[in-house]
Amino acid sequence: MKKFTSVYDVDDPASLVAEALALKKTPFANQALGRNKTVILVFFNPSLRTRLSTELAAKNLGCNVMTLNVADGWKLEFADGTVMNGGTAEHIREAAGVMSQYADILAVRSFPGLEDKDKDYADEVMNAFVKYASVPVVSLESAIRHPLQSLADWVTIEEYKKQIRPKVVLTWAPHPRALPQAVSNSFLEWMQAAPVDLVLTHPEGYELDPAFVKNTPVAYSQKEAFAGADFVYAKNWSPLTPYGKPQPVAENWQVTKEKMDMTDNGYFMHCLPVRRNVVVSDAVLDSSQSLVLPQAGNRLYAAQAVLQRLLGGVD
Ligand code: AN0
Ligand code: CP
């Protein structure tokens, strides 16, 4: 594996899930792998889970870790040929090149602007790091994908599934702010590669990009989608049209106890952070059906499995 920016960078995602589950049993077994290796994490946006779990994953593998909040660094230029006499102090060519002098792996988080769909979906920042870094790049959530989250989600489903082929529902849920599609896009990509029956449900007008939806069945009725579900994965995203501008939704799409009762004793999942009693009710989040904490716990082993592969531990 040369980089980790989407499921398509992984030859055999199911075996990466198995590696993460194995690491959960023996997290300190491969400490020699990271000896004298350095991982640099670069954050253009805030994080709680991704930052802590990836730092700990690197440490569990014996690596040095350094974290740079880009707000603390020079403002970077991504366009080529620009006369840099404005606000940007350093070009990504030098910045990624210099970071590669100090790091064996570079990990990057960069959210979309949610103003210009084509610009966001070109995934400029992640692709620029991949292009100009001379070391492997890991996505810590790009403008359009969050693969470490989806890997941890698959690990969690693998641990809790009661059927060989569980029914997994990705449902849109309300949120007061305009949010990216990254978590949902990635979840679709990874679940399409997993042994599950995937259903996507959202209000009309909240269609995700067909390049991510592919052949996944879409239901506009949340209740219909929840029937018989083994896992309900809730996430808000802003619409593609008008891009990044939330539109009024007639029905209440919050995940409630009444709706969870329509599932097959299903589990509730969310990547966090979650807005209580907006996205999901307290009654669901505080019930034994909620997997949000084990799911966040699995971020550690997902990150460790990825770093281990990139360090050459397992091909
Ligand atoms: C971000 C998002 O929706 O992409 C990060 C989630 C992991 N969520 C918020 O900004 C609330
Ligand atoms: N789920 C997730 O990626 O959380 P953070 O934004 O806190 O890293």
Side-chain angles (χ1 to χ4, degrees), residues 4-7 20 39 41-58 65 67-71 107-115 117 120-121 123 125-126 138-157 170-191 200 202 206 208-209 212 233-240 243-246 253-255 268-280 285 290-307:
F4 183 80
T5 60
S6 87
V7 73
V39 179
L41 311 183
V42 182
F43 284 91
F44 288 82
N45 305 94
S47 167
L48 187 156
R49 281 144 290 274
T50 304
R51 175 171 173 168
L52 296 178
S53 62
T54 312
E55 285 192 4
L56 186 56
V65 197
T67 298
L68 181 71
N69 291 321
V70 174
V108 181
R109 164 167 284 197
S110 174
F111 287 173
L114 294 179
E115 298 284 340
K117 195 213 169 204
D120 286 346
Y121 274 67
D123 220 2
V125 174
M126 195 58 57
V138 173
S139 169
L140 300 174
E141 187 174 349
S142 79
I144 53 170
R145 290 187 174 93
H146 195 356
L148 280 175
Q149 180 65 53
S150 314
L151 173 57
D153 299 336
W154 183 342
V155 169
T156 310
I157 289 170
L170 170 59
T171 181
W172 183 90
H175 197 283
R177 287 182 48 229
L179 293 188
Q181 298 93 33
V183 169
S184 307
N185 287 343
S186 252
F187 189 73
L188 290 174
E189 285 186 332
W190 285 77
M191 286 298 112
L200 170 62
H202 55 71
Y206 279 82
L208 289 166
D209 193 306
F212 288 94
Y233 193 105
K235 182 72 184 82
N236 172 268
W237 61 88
S238 55
L240 296 182
Y243 186 64
K245 305 271 181 295
W253 279 69
Q254 181 182 138
V255 179
F268 175 79
M269 299 179 72
H270 190 279
C271 64
L272 305 182
V274 73
R275 300 266 183 149
R276 280 177 171 259
N277 303 311
V278 178
V279 172
V280 54
L285 213 43
S290 173
L291 295 183
V292 297
L293 295 185
Q295 203 183 335
N298 282 333
R299 291 292 309 272
L300 171 59
Y301 307 105
Q304 207 169 317
V306 167
L307 295 178

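Read the numbers this way: they start at 1 and go in the same order the structure lists the ligands and their atoms.
Of the protein's heavy atoms, R49 NE, 2.8 Å lies nearest to atom 4 (O) of ligand 2. Protein heavy atom in closest approach to atom 2 (C) of ligand 2: R299 NH1, 3.4 Å. Nearest protein heavy-atom contact of atom 9 (C) of ligand 1 is L179 CD2, 3.6 Å. Here the protein heavy atom with the shortest distance to atom 6 (O) of ligand 2 is R109 NH1, 2.8 Å. For atom 1 (C) of ligand 1, the nearest protein heavy atom (residue, atom name, distance) is F111 CZ, 4.1 Å. Among protein heavy atoms, the minimum distance from atom 6 (C) of ligand 1 is reached at E141 OE1, 3.8 Å.
Between P273 and ligand 2, no N or O atom pair is found at a separation short of 3.5 Å. Polar contact with ligand 2: absent for E141 (N/O pair, distance under 3.5 Å). Of the polar atoms of L48, at least one N or O is found under 3.5 Å from an N or O of ligand 2, judged by distance alone.
When heavy-atom distances to ligand 2 are checked against a 4.0 Å cut-off, V183 has no atom that comes that close, whether in backbone or side chain.
In this structure, a donor-acceptor pair under 3.5 Å is absent between the side chains of Y121 and D209. In summary, the side chains of T50 and E141 do not present any donor paired with an acceptor at a separation below 3.5 Å, with no hydrogens or angles considered. A side-chain donor from one of D153 and Q149 sits under 3.5 Å from a side-chain acceptor of the other.
Taking 4.5 Å as the limit, some side-chain heavy atom of P176 sits within range of a side-chain heavy atom of R275. Side-chain contact check for M191 versus Y233: every heavy-atom pair is 4.5 Å or farther apart. Side-chain contact between H175 and K235 is absent, with no heavy atoms from C-beta onward closer than 4.5 Å.
Using a distance-only test at 3.5 Å, with no hydrogens or angles considered, a donor-acceptor pair links the side chain of S238 to the main chain of L179.
Per-residue contacts place P180 under 4.0 angstrom from the following atoms of ligand 1 (heavy atoms of the residue considered): 2 (C), 3 (O), 4 (O). Near H146, the atoms of ligand 2 lying under 4.0 angstrom from a non-hydrogen atom of the residue are 2 (C), 3 (O). Heavy-atom proximity to L272, at under 4.0 Å, picks out these atoms of ligand 1: 7 (C). Atoms of ligand 1 lying under 4.0 Å from at least one heavy atom of K235, given by number and element, are 2 (C), 3 (O).
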From CA spacing to verdict: side chain to side chain contact (heavy atoms under 4.5 Å, CB included), L148, F4: CA-CA 9 Å; L148 280 175; F4 183 80; 3.7 Å; yes

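Here the shortest heavy-atom pairing between F43 and S47 reads CE2-CB, 3.5 Å.
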